[in-house]
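First comes the structure, then the notes that go with it.
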Amino acid sequence: MYALVDGNNFYVSCERVFRPSLNGRPVVVLSNNDGCAIARSNEAKALGIKMGAPWFKIKHFEESDGLVALSANFALYGDMSDRMMSLAAGLGHRQEVYSIDESFIDLTGIPGDMTLRSQKIRYRILKWIGIACGIGIGPTKTLAKLANHIAKTAERKPGSYPDHHAQVCNLGSLETSELDGLMLATEVGEVWGVGRRICAQLKEAGIHTVLDLARLDPVMVKRRWSVVLERTVRELQGTDCMGLQHEPPAKQAIACTRSFGHAVLDLSALQEAVTEFASRAAQKLRLQNGHAGQVLTFIRTSPFRTQDLQYSRSTVVPLRRPTNDSRGINQAALMGLQAIYRPGYRYAKAGVMLLDLKPADLIQQELALDDDVTYPGGSRLMQVLDTVNTRFGRGTLSLASAGLAGEMRPWCMRQERRTPGYTTDWNGLAWARA
DNA sequence: TCTGGGGTCCTAGGACCC
DNA sequence: TCTGGGGTCCTAGGACCC
């Protein structure tokens with residue numbers, strides 16, 4: 001049996017902990033660049049604001065309905081997440097942190113009433129952290145996800161779930177007929193693993209509810225769709241196909257990509273941006289003690305500006321030796337940029353991805369057939385770089401090709417509504433009284 | 001004027017190997 | 001006349017997740 005613990009409207013809930021005046025008001029949290037809504041309070045949802053809605057299209061709700069929009073404050077959400085996860089872990093012996101606001105807990109070997117136990121944990125998280133959660137319980141992760149969805153919608157659709165305890169739904173305690181009833185009442189698109197495309201295909205084939213999907217023959221599903229959807233069907237039927245990932249698996253790729261605050265035309269500005277992205281990616285890589293074997297650089301115009309000439313290209317540059325040195329990685333990234341840059345386009349986004357990752361302590365020995373290409377100072381210098389930037393703030397020390405912060409940088413992102421780092425920065429402490 | 005970022009897995013096709 | 005079988009690696013693209 002699995003439980004899924006999931007923070008409600010997580011980013012908005014984090015903001016509300018430190019600004020209670022936001023309770024009861026429609027609130028959205030905006031993506032980087034204040035581009036679009038990535039979290040919505042229930043009141044914002046009620047206004048019809050969709051996930052991913054561009055800010056400029058919903059801005060009018062500020063005037064008409066008192067909508068509050070905040071720039072994403074990921075330092076805050078990450079810290080709140082850590083606190084929530086450590087309490088949620090108390091539900092069982094093993095936990096898989098699946099995303100910033102969700103974790104699966106393996107309930108195997110836990111005695112007692114799981115519904116009651118979940119309600120207690122839920123209350124503790126609410127009281128100690130200030131975040132409201134939904135908890136779903138089921139024999140597979142897909143069913144736990146479904147239970148979580150039912151738990152969250154139960155309050156909006158009274159009577160849809162027989163247990164009136166809102167926010168906790170235990171499918172394990174239901175009769176088959178009750179489970180069927182819930183599956184029949186839930187749209188197939190709500191299933192974990194069924195996205196927009198597959199949903200449309202399923203409906204085309206006459207499969208509208210979760211129950212319809214759960215009753216399909218997995219072999220047919222594999223033949224007609226894919227092994228991925230087959231697994232989903234089996235999970236809905238109660239066969240555990242995924243298991244719990246207790247230890248987070250080593251990352252296969254590290255990315256740093258950004259949309260620009262304003263369109264960029266010339267190579268030199270792109271070089272600055274790419275240098276910054278390469279440095280940030282390299283720092284993430286060092287943090288997990290890894291080396292990268294390849295560096296991918298991409299640049300692209302905005303697909304939304306249909307009146308503009310479009311251009312999108314990426315290239316992979318292999319590294320002479322796997323490294324996590326910012327200088328080597330940046331050199332490769334700039335080389336890639338040089339190869340794909342074409343003048344005459346309004347670039348809207350660029351990024352650097354580190355691929356072919358391996359542990360830093362795994363070193364491929366080789367014959368010294370040519371001059372050493374490693375940089376002087378090596379890991380010591382990178383250590384100093386990271387220490388200084390952690391202590392005095394991002395970008396205190398940077399590579400020269402990143403340009404100077406004081407100058408006009410059109411590629412810098414806009415973030416006009418960010419709240420302080422309440423829990424991660426001494427200067428950001430909330431004031432009880434000024 | 002203004003539309004995010006960071007991941008995973010799977011598949012198909014081509015090149016190449018013995 | 002009859003032209004295999006089994007495998008790897010790489011890339012691009014698609015689908016999904018939060």
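Residue numbers begin at 1 in each chain, while the letters A, B, ... track the order of the sequences.
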Apply salt bridge (Lys or Arg N to Asp or Glu O under 4.0 Å) to A/D79 and list each qualifying residue two or more places apart in sequence or on a separate chain. A/R83
DNA chain B-proximal residues of residues 56-76 of chain A, any heavy atom under 4.0 Å: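 Here the set is A/F56, A/K57.
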Which parts of residues 216-229 of chain A get close to DNA chain B, meaning a heavy atom less than 4.0 angstrom away?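 Of all residues in residues 216-229 of chain A, the ones placing a heavy atom under 4.0 Å from DNA chain B are A/V227, A/V228.
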Do A/S71 and A/E416 have a side chain donor and acceptor closer than 3.5 Å? no
Verify the distance criterion only: is there a donor paired with an acceptor across the side chains of A/D106 and A/T108 at less than 3.5 Å?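 Yes, side-chain donor-acceptor contact under 3.5 Å.
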Remember a base hit wins even if backbone is also touched, and classify [X] as base, sugar-phosphate or nothing at under 4.0 Å, heavy atoms.
X	result
A/L30	nothing
A/R231	sugar-phosphate
A/K50	nothing
A/Y98	sugar-phosphate
A/V97	nothing
A/V194	sugar-phosphate
A/D101	sugar-phosphate
A/N32	sugar-phosphate

Do other residues, nucleotides or ligands put more than 12 heavy atoms under 6.0 Å from the [atom1] atom of [X]?
X	atom1	result
A/R342	CZ	yes
A/E187	CD	no
A/K222	NZ	no
A/K50	NZ	no

First of A/G261 and A/I254 reached from the 5' end of DNA chain B, by closest nucleotide: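 Nearest nucleotide further toward 5': that of A/G261.
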With DNA chain B as reference, determine whether A/F260 or A/T257 sits nearer its 5' end, using the nearest nucleotide of each.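 Final value for this comparison: A/F260.
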Using a heavy-atom cut-off of 4.0 Å to chain A, what are the terminal contacting nucleotides of DNA chain C, in 5' to 3' order? C/dA15 to C/dC18
Show me, range against range, the stems involving DNA chain B, built from at least 3 consecutive Watson-Crick or G-U pairs below 3.5 Å.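 Ordered by first number, the stems with DNA chain B (at least 3 consecutive pairs each) read B:5-18 with C:5-18.
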Without swapping roles, check the side chain of A/N324 against the backbone of A/A282 for a donor-acceptor pair under 3.5 Å.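 Not at all, since once roles are kept as given, no pair shorter than 3.5 Å links the two residues.
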Between the side chains of [Y] and [X], is the shortest nitrogen-to-carboxylate-oxygen separation below 4.0 Å, so that they form an ion pair?
X	Y	answer
A/E230	A/R234	yes
A/R231	A/E235	no
A/E190	A/K145	no
A/D180	A/R215	yes

Say you draw a straight line from CG of A/N330 to OG1 of A/T297; how long is it, rounded to the nearest 0.5 Å?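 Going from CG on A/N330 over to OG1 on A/T297, the span is 9.0 Å.
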What residues, two or more places apart in sequence or in another chain, satisfy side-chain contact (heavy atoms from CB on, under 4.5 Å) together with A/D82? none
